[in-house]
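To keep things clear, I will list the structure first and then write my remarks on it.
Counting starts at 1 for both ligands and their atoms, following the listed order. Here, residue 1 is the first one in the sequence, and each next residue gets the next number. This one's a predicted model, so the numbers in the text were calculated from it and none came from an experiment.
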Amino acid sequence: MYILGIESSCDDTSVALLDSSDKGHFVLFEKTASQIEIHKKYGGVVPEIAGRMHAEKIVPLIDAALEGQPKPDAIAVTAGPGLITGLLVGVEAARTLSYALDIPLIRTNHIEGHIYSVELQEKKSPIQFPALCLVVSGGHTELILMTGHGKYKFLGATKDDAAGECFDKTAKLLGLPYPGGPQISKLAETGNIKAIKFPRPMMDDENYLFSFAGLKTSALYWLRDNKLDDKITTNDFCASFEQAIVDVLVFKTLKAAAQYKPKTIILAGGVSANKKLRQTLDEAVKNEFPGTKFMIPQMKYAMDNGAMIATAGYYHAIKKDFTSWKKIQADPNWELAR
Ligand code: KG4
Ligand code: ZN
């Protein structure tokens, strides 16, 4: 089945064409137009500019995706959650294409796309259920239990900032460019994780909630009251800070794994590109839940992309779970599992 995936919920306009079946997902075309260089100047994503850039890029990307390829059997488009300025562009483009070419439309959730990004592997790699999913991105930090395709149970989320947001805001305090997550993790590679004692917010609470706003404030206060120098370097700061985030995420995920005994543990979302987080969770799963499969996206599918949206869309398409072009709506606050 040929699925066209369209993603425009934040600062990447991304389109992919997949050949998906029970043999796996084969990417026939994929291209992403990143807006990072533009938003960098402002230290974060400016919704108005993001919408305009998506509008500029989306038709040429769809045109390139369809050229010389078989007609898609379905169009999967991100309808939320995300920035309304971006979502509208993707949804309106998909609606028009669905009408003009008479192709069924799939209203796809961005978080669901991140979860299914783990199936985009060289070898067929289906998610086995139940699957415990830790989705960590610039806008989300959620623990979700997946009991089947399209079946989600909400376990917990952040009460305030998302993990990626905490990385980005703290990077800003250090004067690092947007997006700060990759910058912090690069510097952290050669730093001392024990140099600064940052708090591990809500780690010992009897629930699956997270809170990262306090950690960002601790970083702010530390920088106000101390100096980065030869004794404690920027790299040490980054390593200690990164470790605090990784500790909380891994600890809570393992706790949920002990309770729900999943067959698969999934780490997805932009922050899943963080090497420390990938390695720490991988090792912890191997040690503590040796029979459990650990799935992470390939690096290129950790960040927002159209291929993951097409992959999630495939599972709706086989159930004929379509939405008419007349009815599809973007919803910036669409919650997958609540
Ligand atoms: O999923 P994504 O591409 O967009 C959203 O849906 O939000 O995630 C982007 C987030 C940003 O906050 C970025 O700083 C973070 O992912 N990120 C990282 C790393 N790479 C990307 N955070 C920590 N370490 C990384 N290596
Ligand atoms: Zn995302």
Side-chain angles (χ1 to χ4, degrees), residues 5-14 32-36 39-40 43-45 47 50 54 78-84 86-87 90 108-118 120 133-142 144 157-158 161-174 176-189 191 212 215-216 219 238-239 241-250 266-281 296-309 311-312 332-336:
I6 302 175
E7 158 63 36
S8 61
S9 68
C10 190
D11 57 353
D12 289 311
T13 325
S14 186
T32 299
S34 168
Q35 304 175 5
I36 282 184
H39 297 293
K40 235 179 204 170
V45 180
H54 285 304
T78 304
L83 296 174
I84 188 65
L87 294 170
T108 312
N109 183 289
H110 182 76
I111 301 296
E112 186 172 47
H114 274 304
I115 291 172
Y116 278 101
S117 70
V118 301
L120 285 162
C133 315
L134 173 65
V135 185
V136 263
S137 71
H140 293 266
T141 303
E142 294 190 10
I144 293 167
T158 181
D161 291 356
E165 191 178 357
C166 183
F167 268 112
D168 295 342
K169 286 180 175 168
T170 304
K172 213 171 181 179
L173 298 175
L174 290 169
L176 299 169
Y178 173 85
Q183 308 277 338
I184 289 193
S185 74
K186 184 96 200 73
L187 297 173
E189 279 173 22
F212 291 108
L215 180 56
K216 174 201 63 198
C238 291
F241 173 79
E242 178 182 67
Q243 191 65 46
I245 294 191
V246 169
D247 280 353
V248 177
L249 292 173
V250 170
I266 290 173
L267 168 65
V271 182
S272 75
N274 184 280
K275 281 192 203 141
K276 182 70 171 242
L277 178 59
R278 289 165 93 97
Q279 282 161 6
T280 311
L281 193 53
I296 42 176
Q298 292 187 53
M299 276 294 185
K300 64 174 172 176
Y301 296 124
M303 306 292 276
D304 295 348
N305 63 88
M308 71 183 196
I309 301 303
T311 308
N333 303 314
W334 183 8
E335 285 176 349
L336 180 64

D304 and ligand 1 - part of the residue with a heavy-atom distance under 4.0 Å: both
Which of the ligand 1 atoms, numbered from 1, are nearer than 4.0 Å to a heavy atom of G181: 14 (O), 18 (C), 19 (C), 22 (N), 23 (C), 24 (N), 25 (C)
Any N/O pair P179/ligand 1 closer than 3.5 Å: no
Closest to atom 5 (C) of ligand 1 (judged by heavy-atom distance), picking from C166, S137, A171: S137
Residue and atom name of the nearest protein heavy atom (relative to atom 8 (O) of ligand 1), distance in Å to one decimal: G270 CA, 3.2 Å
Part of H114 with heavy atoms under 4.0 Å of ligand 1, whether side chain, backbone, both or neither: side chain
H110 to ligand 1, any heavy atom closer than 4.0 Å: yes
Geometric N/O contact M303 with ligand 1, under 3.5 angstrom: no
Ligand 1 atoms in contact with G138 (distance to a heavy atom under 4.0 Å): 5 (C), 7 (O), 8 (O), 9 (C), 10 (C), 12 (O)
Within-shell test, E242 vs ligand 1, heavy atom, strictly < 4.0 Å: no
Exam field: side chain S8 to backbone T13, donor-acceptor pair closer than 3.5 Å: no
Residue pair H110 / S9, side-chain donor-acceptor N/O under 3.5 Å: yes
T141 side chain to A163 backbone, donor-acceptor under 3.5 Å: yes
OD1 (D304) to the Zn ion (ligand 2) to NE2 (H110) angle, given to the nearest 10 degrees: 100°
The Zn ion (ligand 2) to H114: nearest N/O/S atom name: NE2
C10 to ligand 1, any heavy atom closer than 4.0 Å: no
